[in-house]
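Quick notes on the structure that follows.
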Amino acid sequence: MAESLRDGEGEEGEGVLLYYKYADVPDVAALASFYESRCRALGLLGRVRVAPHGVNVTIGGKMSSLRKHIAEMRSDTLFDGTDFKLASCDQPSNEKIAKECGFTDLSVRIVKELVTLSSNPSLKLPEISNVGRHLSAMDFHSFLQDAAENAVDSKESVHQKLILLDARNLYETRIGKFKIPNMETLDPEIRQYSDLPAWIDEHSEQLRGKQVLMYCTGGIRCEMASAYIRSKGVGFENVFQLFGGIQRYMEQFPSGGYFKGKNFVFDHRISVGSLDGNILGSCLICHSPFDDYSSRCRCMHCRMLVLVCYSCQGDNSERYVCELCQRHCKGDRTLPIKNDDPMHSDFTSDSSESTAVELTSLDGRSTSVSGMSRRNGPSPQRKLRILCLHGFRQNASSFKGRTSSLAKKLKSMVEFTFIDAPHELPFIYQERPSKAEQNSKSSDDLSNSIQQPSTQENSKKRFAWLVASDSNHTEELGWRMADKPFDPLQYQQQTCGFEESYNYIRQVVSHSGPFDGILGFSQGAAMAALICEKQQRNHGNLDFRFAILCSGFSACLDTIGKGSIKCPSLHIFGHKQGQDRQIGPNVSRELVQLFDEECAMVIEHDLGHIIPARPPYIDQVKEFLVRFI
């Protein structure tokens, strides 16, 4: 167990340092650069987030280096009053824990928010100056003690006077929380902090007129959350928060005080317990007492951490359904899959013959399903159903052809469904260039400037998910000559038409769903990312469990912060600058950063603007998909 330190203790060995500060940062880039250079000079690893309104830091290294870092920061008046939480600890027990907790390298990022209060860009953020009143660990304890004693002495319920609100995520509260005799703590049971405002909105009447005592791990989440409650006006003024969070409380009360169990932390310590050794958590499978997250078992649907004891983990630690997903009817399979289960058959087996079935969509457009088996009798496993979105100026049929090799390699795991986008485009042609011009153009440029054929009947329609604001695609179908040379950056102007495409996909899902995941290529990937973000805001109008984004880019997502999209995602794109002439790798990496890094997987290849189907890339795709079967 890690030992919490105060100034003057533990000069040697390894340690971890946590602190945050809300203050106006005069030069965000300069401060980020300072962190980058000084932390690397001191050999510190971890996460540093710098925003216009402050910093949030979790770093580790030698205790002597961490103390030097604290001294440097204290010399800057910007950090006056900052609570530097320093603790000694061992190095990460394994590489997986180090990687998940961000302790394999130093990551310094400039962000809009230190913690993402909400994924809804339309939500007006509260003023940080309107936070709840800070209570020291001793004052907080006295508050709880008085409330507990009054609850016993008075016939009036303590709930009529005081509410104790836990601002943490469900997986954190399952291993530790405050427990007051004759008093219940409100646990919002949220997957992520950005879900808290919606919970507060739904339970505002329960909070109105009460004294609300809030707490979290180290205090930062209570800052914005308490300000959000107070922003509701009359009846919401009396909001208090535990300064320094549970960590400072446990330092003040080593035996635990009113806090029972362990304090979940977001570094490689994983959790910190008190001296009493109480175990509040229980195994998801057998329900025996258990509170160790070091195995990093996750829900197969939402990727939230779950508690699975060592004896129940078996050899398959990723096939569990958390209590929230079970509650929302996403399945009740919580047992790990055994080695002899048919679902663990060789996924590259050719024992079943692959075929494709043509369906008809709601408006008569082509809808194609591949990866289905002609075999009679039950399938050895339920295949994942994936809805596929083609790129700009493509269609379902052409995209199915381009992914036929991928479908063949995944035929025992996946059933692909291809649909046309709702925005039909005119055919664009240019006069055939001379031989000299052809030699000077790339093949990608020539593929976008073709000579008008003699008949239209042999041509297949082309569609788009997003169109440019000045597009007149609905009025000029058929063939027309291009009015300007092909622009490889045209995708940056294609920002309109999302709602029509989104509503169309909702109809497809209602008619032909449900689907487990969504796959998008190029503009289709941009559309899929938008759907993931809207799905999160709308709490499941569409319910894709994962997204596969190939040669993707961000469209219309400028207002959301990094890591805001929590949908499990696989990102596939070319890693060498210039290999993909349509979408550069840096553009695809920017899209990756919008997804939660804890449930995002990246495959970089050297094959240009395609979806690779050869080893080792196809094996990595299977590794991602097997989590959801």
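Index from 1, following the sequence. Bear in mind that the values here come from a model prediction, so they are computed numbers and not experimental data.
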What are the two closest non-hydrogen atoms of [X] and [Y], and how far apart are they?
X      : Y      : answer
Lys409 : Ala613 : NZ-O, 2.8 Å
Phe595 : Ala600 : CB-CB, 4.4 Å
Arg385 : Glu415 : NE-OE2, 2.9 Å
Ile419 : Tyr504 : CD1-CE2, 4.1 Å
Lys112 : Ala51  : O-CB, 4.0 Å
Ser564 : Thr116 : OG-CG2, 3.9 Å

With sequence neighbours left out, write down each residue that passes side chain to side chain donor-acceptor pair (under 3.5 Å) with Lys262, or none if nothing qualifies. Asp291
Exam field: side chain [X] to backbone [Y], donor-acceptor pair closer than 3.5 Å:
X      : Y      : result
Gln326 : Val321 : yes
Ser588 : Gly552 : yes
Gln394 : Ser398 : no
Gln523 : Leu466 : yes
Asp420 : Ala396 : yes
Gln535 : Phe544 : yes

What residues form a salt bridge (charged side-chain N to carboxylate O under 4.0 Å, His left out) with Arg614, not counting sequence neighbours? Asp606
The test is side chain to side chain donor-acceptor pair (under 3.5 Å); show your working for Asp187 and Thr173 and say whether it passes. CA-CA 8 Å; Asp187 182 357; Thr173 66; 2.8 Å; yes
Between Arg47 and Glu597, does any NZ, NE, NH1 or NH2 come within less than 4.0 Å of an OD or OE carboxylate oxygen? no
Before giving the answer on side chain to side chain contact (heavy atoms under 4.5 Å, CB included), spell out for Asn169 and Arg221 the whole-Å C-alpha distance, their side-chain angles and the decisive distance to 0.1 Å. CA-CA 11 Å; Asn169 302 321; Arg221 284 178 283 184; 3.9 Å; yes
Quick one: [atom1] on [X] to [atom2] on [Y], what's the gap to the nearest 0.5 Å?
X      : Y      : atom1 : atom2 : result
Leu324 : Cys299 : CG    : SG    : 8.5 Å
Leu196 : Asp166 : CG    : CG    : 9.5 Å
Arg168 : Asn263 : CZ    : CG    : 6.0 Å
Leu519 : Leu570 : CG    : CG    : 8.5 Å
Ile565 : Ile531 : CD1   : CD1   : 11.5 Å
Phe521 : Leu389 : CZ    : CG    : 12.5 Å

Mind running side chain to side chain donor-acceptor pair (under 3.5 Å) on Ser107 and Arg49 for me, showing each step along the way? CA-CA 8 Å; Ser107 171; Arg49 301 297 180 256; 3.3 Å; yes
Partners meeting ring-ring contact (aromatic ring centres under 6.0 Å, His included) with Phe546 (sequence neighbours left out): Phe624, Phe628
Does a side-chain heavy-atom distance below 4.5 Å link [X] with [Y]?
X      : Y      : answer
Pro422 : Trp465 : yes
Gln192 : Asp596 : no
Glu604 : Pro585 : no

For Arg545 and Leu384, run side chain to side chain contact (heavy atoms under 4.5 Å, CB included): C-alpha distance rounded to whole Å, both residues' side-chain angles, the deciding distance at 0.1 Å, then the answer. CA-CA 10 Å; Arg545 294 162 53 199; Leu384 295 171; 4.1 Å; yes
Parallel, tilted or perpendicular: which one describes the rings of [X] and [Y], with boundaries at 30° and 60°?
X      : Y      : value
Phe463 : His390 : tilted
His203 : Trp199 : parallel
Tyr310 : Phe290 : perpendicular

Show your reasoning for whether side chain to side chain contact (heavy atoms under 4.5 Å, CB included) applies to Lys622 and Ile618. CA-CA 6 Å; Lys622 292 176 181 177; Ile618 190 64; 4.1 Å; yes
Dump the intermediate steps for side chain to side chain donor-acceptor pair (under 3.5 Å) on Asp292 and Ser294, then the final yes or no. CA-CA 6 Å; Asp292 185 2; Ser294 61; 2.8 Å; yes
Should Ile572 and Val621 be marked as a side chain to side chain contact (heavy atoms under 4.5 Å, CB included) after you check the CA-CA gap, both sets of side-chain angles, and the distance that decides it? CA-CA 9 Å; Ile572 306 174; Val621 173; 4.0 Å; yes
